[in-house]
Amino acid sequence: MTIVLKIGGARAVDPAGALADVATLIADGEDVVVVHGGSTAVDETLEALGEEPTYVETPDGVVGRFTDERTMEVFEMVLPGKLNTDLVTGLQNEGVDAVGLSGVDGKLLAGPRKSAVRVQEAGKKKIKRGDHSGTIEQVNADLLETLLEGGYTPVATVPMLGKDGDEWLPVNADADRAAAAIAGALDATLVVLTDVPGVLADPDDPATLIESAETPAEFAAIEDAAEGFMTKKVMAATEALEGGADRVIVADANVDEPLVAAVEGGGTHILASALDSGGSSDGSEGSAEDSEEAEVS
């Protein structure tokens, strides 16, 4: 079994337990690909540089990040720079021979750039230009499989490689959906670790965990229950399953042995059978146009 582990970028998520579990699963013969985000760290870095992150509201009322040129530069510094290096180092300390990658490396994640997004300001719909985000349409699964076959554990993050006319550029993409694209390409199990127990019927009550969805009706209940950042997780789950993943698990990063616990039944398990054939996901990534923040958790 191949597992794609998405580690959230929220401040409340501690990756230490998950990294130890990666070592455990690899020792048991499993292949693991790690994907991470880090929007919180990007915002903190922007603020340390005396700049404010830019968020816009989409026509359907969802707040999303607008990735201007300066923000894109900070994404390049923070995600494939410090955060990726820290996670690779953490895995090395667990005895895992990890290799850090961004979506730009080896054209791991590629697709068209989106330079304009639809926004709503003062009740009016507008087009805001200058966005640096993209839609993932290609995953270099051969690169990941080559690394896995060589005994290496890939640790991937955005930016992706975006085609803008005749030129390739690094552009932002949502890390949950990047993980979904990778899981689909590898026919893997996607495990999304975040700071809640899973999808909750009542977001304020951890006891209302929805443990599984195996039918379209059960998945509809998950879609109805998802609010805020969890909406993005469910969107990513849909894309992963439509892309070829066998199941998606959304679980708590901060419990003991979080990855092992998730694989063994913890969190919310969404099976491929939960999707009907009429899915409408377009696979687009990380922009306000898609009613989502570039990367949250």
Problem - Lys/Arg-Asp/Glu bridge criterion (N-O < 4.0 Å) met for K114, D131 - result: no
Problem - Pair E121 + K124: basic N to acidic O under 4.0 Å - result: no
Atom of [X], atom of [Y] and distance for their closest heavy-atom approach:
X: A18; Y: L259; answer: O-CD2, 4.4 Å
X: M160; Y: T135; answer: CE-O, 3.6 Å
X: A226; Y: T231; answer: O-OG1, 3.6 Å
X: A213; Y: A274; answer: O-CB, 3.5 Å
X: P80; Y: V158; answer: CD-O, 3.7 Å
X: L193; Y: A253; answer: CB-CB, 3.7 Å

Using side-chain heavy atoms (C-beta onward) and a distance below 4.5 Å, is [X] in contact with [Y]?
X: V191; Y: K6; answer: no
X: V35; Y: T157; answer: no
X: P258; Y: D21; answer: yes
X: H36; Y: V155; answer: yes
X: V117; Y: V119; answer: yes
X: V33; Y: I3; answer: no
X: F219; Y: T238; answer: yes
X: F75; Y: V171; answer: no

Exercise for the section: Please assess T71 against T54 for the test side-chain contact (heavy atoms from CB on, under 4.5 Å), listing each intermediate value before the final yes or no. Expected result: CA-CA 9 Å; T71 302; T54 301; 5.5 Å; no
Problem - Chi angles and distances behind the side-chain contact (heavy atoms from CB on, under 4.5 Å) call for L209, E211 - result: CA-CA 6 Å; L209 174 69; E211 295 184 355; 4.2 Å; yes
Problem - Neighbour count >12 (heavy atoms, 6.0 Å) for atom CG, D28 - result: yes
Problem - Over 12 foreign heavy atoms within 6.0 Å of CD, E51 - result: yes
Quick one: does [X]'s side chain have a donor or acceptor within less than 3.5 Å of a partner on [Y]'s backbone?
X: N254; Y: D14; answer: yes
X: E257; Y: G17; answer: no
X: D105; Y: S102; answer: yes
X: E218; Y: T215; answer: yes
X: H269; Y: A262; answer: yes
X: D164; Y: E167; answer: no
X: T268; Y: I210; answer: yes

Completion exercise
Exactly one of D86, N84, T85 clears side-chain hydrogen bond (donor to acceptor under 3.5 Å, both in side chains) with K82, and that residue is D86
Handout entry: side chain to side chain contact (heavy atoms under 4.5 Å, CB included) partner of E145, chosen from L147, D142, L143
Key = D142
Problem - side chain to side chain contact (heavy atoms under 4.5 Å, CB included) partner of E30, the single match among T2, L25, T24 - result: L25
Exercise for the section: Determine, stepwise, if the pair R177 / M235 fulfils side-chain contact (heavy atoms from CB on, under 4.5 Å). Expected result: CA-CA 8 Å; R177 299 175 79 181; M235 181 183 295; 3.4 Å; yes
Connected via hydrophobic side-chain network under 4.5 Å: [X] and [Y]:
X: L200; Y: V13; value: no
X: L169; Y: L108; value: yes
X: I270; Y: V196; value: yes
X: L148; Y: L190; value: yes
X: L83; Y: V104; value: no

To the closest 0.5 Å, what do you measure between [atom1] ([X]) and [atom2] ([Y])?
X: L144; Y: T146; atom1: CG; atom2: OG1; result: 8.5 Å
X: E73; Y: L46; atom1: CD; atom2: CG; result: 10.5 Å
X: L49; Y: E52; atom1: CG; atom2: CD; result: 11.5 Å
X: S212; Y: R247; atom1: OG; atom2: CZ; result: 9.0 Å
X: S133; Y: D68; atom1: OG; atom2: CG; result: 11.5 Å
X: L19; Y: Q92; atom1: CG; atom2: CD; result: 11.5 Å

Handout entry: For N93, side chain to side chain donor-acceptor pair (under 3.5 Å) partners two or more places apart
Key = none
Problem - Polar side chain donor-acceptor pair, T189 to D246, under 3.5 angstrom - result: yes
Practice task
Check whether the side chains of T67 and N172 place a donor and an acceptor atom closer than 3.5 Å, and report yes or no.
Solution key: yes
Practice task
Show the numbers, then the answer: is there a side-chain contact (heavy atoms from CB on, under 4.5 Å) between T153 and D97?
Solution key: CA-CA 6 Å; T153 296; D97 208 352; over 6 Å; no
Practice task
Just do the side-chain hydrogen bond (donor to acceptor under 3.5 Å, both in side chains) check on R65 and S39 with the steps written out, would you?
Solution key: CA-CA 10 Å; R65 178 190 294 278; S39 188; 2.4 Å; yes
